[in-house]
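Down below is the structure, laid out as structure tokens.
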Amino acid sequence: MREKKSFCRICNTHCGMVLTLGDDDRITAIRPDKDDPVSEGFACFKGLQAVESHDPDNRVRHPLKRMPDGSFERIGIEQALDEIAERLSAVIERDGPEAVGGYRGTGSGFNAVGCFIMDTLFEQIGTKKIFSASTIDQTAKNVAVERIGYWQAGLHHVIGSDVTLLIGTNPLVSFALTFIVMNPLKHLKQEKARGMKLLVVDPRVTETAKFADIHLQPVPGEDATILAGMIREILRNGWEDRAFVERYVDGLEELRARVEPFTPDYVANRAGIDRAVFLGMTRTFATARSGKAMTGTGANMGPHSNLVEHLLNCLNIVCGRCVREGEQIAFPGALMQGYPPLAQVAPAMRSFETSYKSRIGGYSQIPVIVPELPTGIMADEILQPGPGQVRAFFVHGGNPAVIVPDQVKMVKAFRSLELMVVIDPFMTPTAKLADYVLPTMLQYERADLPCWQYEGYWKPYTRYTPPIARPAQGMEVVADEYIFWGLLKRLGKPMSFLGAAIPMDSPPDTDLFLKQVANQAGRSLDEIRKHELGCFFEDKQILALPGESDAKFTLASPEVMEEITELSQELFGLEPITRDGTAATHRLIVRRQRHMFNSISRELPNTHRRVPHNPAYLNPGDLVALGIASGDRIRITSRTASVEAVAEADPNLRRGCVSMSHGFGDLPDENRYDDHGVAVNALLTTDFDLQTVNAMPRMTAVPVNISPAGRLDNAWADNRDGRVLQ
Ligand SMILES: Nc1nc2c(c(=O)[nH]1)N[C@H]1C(S)=C(S)[C@@H](COP(=O)(O)OP(=O)(O)OC[C@H]3O[C@@H](n4cnc5c(=O)[nH]c(N)nc54)[C@H](O)[C@@H]3O)O[C@H]1N2
Ligand SMILES: Nc1nc2c(c(=O)[nH]1)N[C@H]1C(S)=C(S)[C@@H](COP(=O)(O)OP(=O)(O)OC[C@H]3O[C@@H](n4cnc5c(=O)[nH]c(N)nc54)[C@H](O)[C@@H]3O)O[C@H]1N2
Ligand code: SF4
Ligand SMILES: [Mo]
């Protein structure tokens, strides 16, 4: 029995861990590392399941190939790569490179080499069709920045601020990056004790909202209304940072005029909130000296999500919540490449106007670190016939068969492919659809660095981990990069990783790639490796430098101004869900839950015992009104589909909402609610209600009708034939 130190790679928090290893180098125990200088002994339930997750009984132990009868058989990795390369070449030869597409999920993202490894293959093939979990997440943030510009030195950090406003995010459960990524509860308590005011906008009294000084519990989907009202109020009272605005902002007068209809009465009435509390929250935010507003999935997945994010940026900018010359920047990063932290505006680029456009709806790539296409159009890229139709598809560390909206359409698309390769350690619903399942090593079996594409530490810090554990005897699992290297080699193409050529004569070591991750940031992997518990760099510029340009923020791009006016003219309230006039009774809203990371871990025994399915949470008052008890089955019907679920009382939820976690559920025709829960995405659609620019579907504040379940099966029903509105 030996102990070794490493860090968790399920989320950005990267908690330090101590692993106990048996004689065969397999993990027998895991505990948080009290000596870790960053996580200080913190870890969550998800991260502590490593014994089970690395257990071969819970994993795909070797590559699998689908047989004509639909069953899977073992295949060697080299044979699998030979066959995949051959079938891929045939598709490219016949239909061109655009017939190849791919999706990468969080399982590739928390892997310093894996995160952009798909690009190495796709660049050589000549296709731009990379979709990702990021482009079905908060791309509203990218769209807003592309339209407004951003402050190069960044916005204020939560730590040390007078006020923090959280809209549609629950960081005490999600550890969302924008907040305090390390042990957020401890730091939140410290900041509150120091005097920071916490303001929360969320239809639920979340774990985070319980600490709020002011909590607005609005009708879901009204964040743009609330933000427009806040900006109006701030400008009327002269609470804006005048000197900052005069120097750095274009379009304030236009914005002022557009938000004029959003009076406190209108906002309170429309968002279902108390006028005085709304005004109090606005005053508290605007009259504080420092602190920013930030959003999460609840604000970036609803109606007008790009507008929400635009107005959020406007709020922070108008209040001048940007780090000034000589002040400490929030996320200095150690390996992240970024602009120097100049106290100046990097102007709007509107890159979506010039980047590669999909044949579907003219949607273009979104620059989420690297350009990726919106996942909201992924199924249509596969299903719509014509030149450029995707016929061969890679899924790398993702579970799109359950986590992409319009589940039925998505699964139909996957089933229609000529070649589908899934690179995943587990037999997920997505893997079940594959022609080849290629299992990879899990986190503690590979060398790694913390996520370098989004570094959430407030000091320039990074850390190397060597492989700690070894896959069990008899398993054939490879490093993610080996699969891409092996395919490139077979296609006779070179491999280039972050600008460096990778030798093709013998399989490259993971450290070779990690070296390149360090090099591109001007660091040495050898230096990083010297520090078992990580490396704090003193050399990095952490104070904002004087600005050099006169560039300004663009607050009033015409299409956004028009959308504000459209918003002000909307009829609001519950929308009908069917053509025959059936009214929506509720709004379905997003919710992350503590024990799983999206769908990750859901089939591990300990996790499954705790969360076998995803309840539909409803306010107890709503349960009474519906004649339903906690534990009863209900039917949830959206405009496009209907599913059954078990209702559970949640007194913290606003009435009129039904709150459910995604990540659950199996393939629609194989689903049993009691075993797996149900995919919320079966209820959502990508046929209509997509946002402009990023094709974000409506994933929260979705009108649904709730009724007691008529049947006790778990069937979903497709409502699309004639009964839906569109
Ligand atoms: N309705 C609804 N849908 C949503 C959301 C929502 O709020 N509501 N949220 C959206 C968001 S924000 C996101 S980010 C996406 C997430 O979408 P995905 O990233 O597609 O979903 P995950 O469940 O995180 O899938 C991660 C996969 O990685 C695999 N994996 C785990 N470890 C490793 C590893 O070491 N190597 C490899 N190769 N694979 C590994 C897991 O087995 C799992 O299959 O879902 C989106 N979908
Ligand atoms: N434990 C755990 N941690 C995770 C994940 C997980 O699945 N489990 N997923 C990871 C991923 S991929 C991501 S992107 C991050 C996301 O992190 P967050 O954005 O913090 O996600 P949530 O915790 O779901 O918080 C969303 C909140 O929005 C609220 N909400 C829903 N609809 C609306 C609305 O219309 N308006 C407003 N104002 N609020 C609304 C919900 O009640 C909920 O409290 O979390 C990451 N961390
Ligand atoms: S999943 Fe949990 S243990 Fe792992 S890094 Fe995130 S917060 Fe830490
Ligand atoms: Mo996400």
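Atoms within a ligand are numbered from 1 in the order they appear, just like the ligands themselves. Numbers for residues simply follow the sequence, beginning at 1. Both backbone and side-chain heavy atoms feed into the values below; hydrogens, waters and symmetry mates do not.
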Item checked: Contact with ligand 2 for Phe597, non-hydrogen, under 4.0 angstrom ->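 Distance cut 4.0 Å: Phe597 passes for ligand 2.
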Notebook entry, point to check: Is there a heavy atom of Gly221 sitting under 4.0 angstrom from any atom of ligand 2?
Noted result: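 Judged by the 4.0 Å heavy-atom criterion, Gly221 does count as contacting ligand 2.
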Next item on the list: For ligand 2, note which part of His595 has a heavy atom under 4.0 Å away: side chain, backbone, both or neither.
Entry: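 No part of His595 is near ligand 2 at this cut-off.
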Would one find an N or O of [X], backbone or side chain, under 3.5 Å from an N or O of ligand 2?
X	answer
Arg592	yes
Ala299	no
Arg591	no
Arg204	no
Thr206	no
Thr169	yes
Asp137	no
Asp223	yes

Do you see a donor-acceptor pair shorter than 3.5 Å between the side chains of [X] and [Y]?
X	Y	value
Asp448	Thr465	no
Ser599	Asn399	yes
His676	Asn671	no

Quick one: does ligand 1 sit under 4.0 Å from the side chain of [X], the backbone, both or neither, non-hydrogen atoms only?
X	result
Thr428	side chain
Tyr103	side chain
Val590	side chain
Val404	neither

Next item on the list: Kindly determine whether Asp666 and Arg602 satisfy salt bridge (Lys or Arg N to Asp or Glu O under 4.0 Å), including the steps that lead there.
Entry: CA-CA 11 Å; Asp666 206 334; Arg602 55 178 244 184; 5.2 Å; no
Margin query: Quick check on the 6.0 Å ring-centre criterion: do Tyr103 and Phe131 meet it?
Written below: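 Not close enough - the centres of the two rings lie 6.0 Å or further apart.
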Next item on the list: Compare all side-chain heavy atoms of Arg610 with those of Arg594 and state whether any distance is below 4.5 angstrom.
Entry: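 The answer is no, as the side chains (C-beta and beyond) never meet within the 4.5 Å cut-off.
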Next item on the list: Using a 4.5 Å cut-off on heavy atoms from C-beta on, say whether the side chain of Ile226 contacts that of Pro218.
Entry: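 Yes, at least one pair of side-chain atoms sits under 4.5 Å.
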If I apply the N/O under 3.5 Å rule, does [X] come out as touching ligand 1?
X	answer
Gly397	yes
Ile403	yes
Ser108	no

Checklist line | Contacts of Asp650 that satisfy salt bridge (charged side-chain N to carboxylate O under 4.0 Å, His left out) - sequence neighbours left out | finding: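 Arg591.
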Margin query: Out of Arg9, Met596, Arg602, Arg446, who is nearest to atom 35 (O) of ligand 1 when you count heavy atoms only?
Written below: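 Among Arg9, Met596, Arg602, Arg446, the closest heavy atom to atom 35 (O) of ligand 1 belongs to Arg446.
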Check: Relative to atom 43 (C) of ligand 1, which among Thr700, Thr135, Asp424 owns the nearest non-hydrogen atom?
Finding: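 Residue with the shortest heavy-atom distance to the ligand atom: Asp424.
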Note to self: Quick check against the 3.5 Å criterion: does Gln217 have a side-chain atom that pairs as donor or acceptor with the backbone of Pro203?
What the structure shows: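 At least one qualifying donor-acceptor pair exists.
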Note to self: Which of the numbered atoms in ligand 1 are under 4.0 angstrom from any heavy atom belonging to Asn681?
What the structure shows: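 In order of numbering, the contacting atoms are 1 (N), 2 (C), 3 (N).
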Margin query: Can you see whether Tyr444 has Arg9 sitting over its ring - NZ or CZ less than 6.0 Å from the centre and within 45° of the normal?
Written below: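 Cation-pi check for Arg9 and Tyr444: passes.
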Next item on the list: Using the side chain to side chain contact (heavy atoms under 4.5 Å, CB included) rule, pick out the option among Val201, Ile273, Asp274 that qualifies with Met281.
Entry: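 Per the side chain to side chain contact (heavy atoms under 4.5 Å, CB included) rule, the option paired with Met281 is Val201, out of Val201, Ile273, Asp274.
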